[in-house]
Amino acid sequence: MEENGIKGDFYIIPNVVDTKLFTPKDNIKNDKTIFLHLSMLLDDHKNISGQLEAAKILNDSCYEFEYLIGGNGDNTMILDFIEKNDLQNTIKTFGALSHSEVAKIMRDADAFILFSNRENQPCVIIESFSAGTPVIATDVGGVIEYFPVGFGELISAKDIDSLIEKMKDIIDGKSYESPEKMHQYVEDNFSEIVIANQFNDIYQKMI
């Protein structure tokens, strides 16, 4: 806003997370590495086609993993890609989930992937941290502003090669901060009480 000549006293208040719902996972290892993406499935925004291509290349390289990808949008492209490339055992798709189902699927995953071409401050990243699941995300928009070192990986938009390499690292056992530390970061910065207090502080200053 300031770059566009809009003047004022600005305060950044991030998205809020229900930290009582998005609780940290235990450290039980899945038999097979599970990657997760969920969104409205808009390809020009979330680069769904790039994610699918990365999963195919990794599968063709004989890496064993599951890629869970779905959400509220149209998953026809995903279903067609799975059938065309015979990836039924690797890529799984799903429809809309309840908030509690989102929390569970995030806890069950080994990494959340957000391969977006553009973003603001995505709530799904903070929810994934709250569930104790590291994130591979593109360094676009406000993503980097709330992405502590050791909580995952940042890569360039549309960089499929980097996405594949970071996925390989996780399959090969690369570790990140503990689920408890990730969750505590969210508790300290994005919980309902913290965000409510930030709004209250601004309201008090205004009156």
Side-chain angles (χ1 to χ4, degrees), residues 14-25 30 32-59 65-85 87-143 146-147 151-155 157-160 163-164 166-167 170 179 182-183 186 190:
N15 281 317
V16 63
V17 173
D18 184 349
T19 53
K20 293 181 177 61
L21 178 62
F22 287 84
T23 54
K25 67 172 79 187
N30 291 316
K32 188 184 295 186
T33 302
I34 297 175
F35 297 103
L36 170 67
H37 171 82
L38 59 89
S39 68
M40 291 296 293
L41 303 178
L42 301 174
D43 191 37
D44 66 329
H45 183 187
K46 304 296 183 180
N47 198 354
I48 304 302
S49 56
Q51 295 181 59
L52 295 174
E53 185 61 27
K56 179 183 182 302
I57 292 171
L58 202 53
N59 179 79
F65 64 97
E66 285 188 1
Y67 203 111
L68 309 182
I69 178 168
N72 296 340
D74 182 0
N75 65 356
T76 302
M77 178 178 70
I78 300 169
L79 290 167
D80 290 345
F81 188 91
I82 291 171
E83 182 176 359
K84 177 182 177 181
N85 295 283
L87 290 167
Q88 292 84 355
N89 293 327
T90 300
I91 301 177
K92 316 283 187 179
T93 188
F94 53 88
L97 301 177
S98 67
H99 216 194
S100 60
E101 288 172 328
V102 170
K104 181 182 185 306
I105 201 172
M106 281 184 167
R107 276 192 296 273
D108 290 344
D110 293 289
F112 186 88
I113 294 178
L114 194 66
F115 196 50
S116 301
N117 295 320
R118 60 184 184 277
E119 282 295 348
N120 43 38
Q121 186 246 312
C123 195
V124 287
I125 290 180
I126 308 304
E127 289 173 338
S128 186
F129 289 160
S130 190
T133 298
V135 176
I136 302 173
T138 45
D139 184 5
V140 295
V143 169
Y146 299 102
F147 205 103
F151 281 31
E153 306 285 350
L154 289 174
I155 60 177
K158 298 182 172 66
D159 189 348
I160 292 178
L163 175 58
I164 292 168
K166 300 306 181 185
M167 292 171 68
I170 292 174
M182 290 186 187
H183 179 80
V186 178
F190 309 96

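The first residue in the sequence is number 1, and the count goes up from there.
- One distance of note links CD1 of Ile69 with CZ of Phe115; it measures 11.5 Å at 0.5 Å rounding.
- Although no hydrogens or angles enter the test, the distance criterion places a donor-acceptor pair under 3.5 Å between the side chain of Asp110 and the main chain of Ile34.
- The two atoms that bring Met167 and Phe65 nearest to each other are CE-CE1, 4.4 Å, heavy atoms only.
- Around atom CD of Glu83, no more than 12 heavy atoms belonging to other residues, nucleotides or ligands sit under 6.0 Å away.
- Residues Pro122 and Asn15 share a closest heavy-atom pair of C-ND2, 4.2 Å.
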Might you work through the ring-ring contact (aromatic ring centres under 6.0 Å, His included) test for Phe129 and Phe112, ending with a clear yes or no? CA-CA 9 Å; Phe129 289 160; Phe112 186 88; 9.7 Å; no
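- Heavy atoms only, all atoms of each residue included: Val186 and Ser130 are closest at CG2-N, 3.6 Å.
- Listed by chain and residue number, nothing satisfies the side chain to side chain donor-acceptor pair (under 3.5 Å) test with Asn89 (two or more places apart in sequence, or in another chain).
- Note that CZ of Phe151 and CD1 of Ile125 are 12.5 Å apart. Values are rounded to the nearest 0.5 Å.
- Note that CG of Leu36 and CD1 of Ile136 are 11.5 Å apart. Values are rounded to the nearest 0.5 Å.
- The aromatic rings of Tyr67 and Phe35 sit tilted, their planes meeting at an angle between 30° and 60°.
- Note that the OG1 atom of Thr138 and the CG atom of Leu163 stand 9.5 Å from one another [nearest 0.5 Å].
- The salt bridge (Lys or Arg N to Asp or Glu O under 4.0 Å) pairs that include a residue from residues 37-47 are Asp44-Arg118, Lys46-Glu119, where partners are two or more places apart or lie in different chains.
- Shown here is Lys20, whose NZ atom has no more than 12 heavy atoms of other residues, nucleotides or ligands within 6.0 Å.
- Checking Asn117 against Lys158 by side-chain atom types alone, a donor-acceptor pair falls below 3.5 Å.
- At least one donor-acceptor pair closer than 3.5 Å links the side chain of His37 to the backbone N or O of Ile113.
- For the pair Lys25/Met182, no side-chain contact is recorded, criterion being any heavy-atom separation below 4.5 Å from C-beta on.
- Atom NZ of Lys104 is surrounded by 12 or fewer heavy atoms from other residues, nucleotides or ligands within 6.0 Å.
- In terms of modelled atom types and a separation under 3.5 Å, the side chain of Asn75 and the main chain of Ile78 share no donor-acceptor contact.
- When all heavy atoms of Pro179 and Pro24 are compared, the closest pair comes out as O-CB, 3.7 Å.
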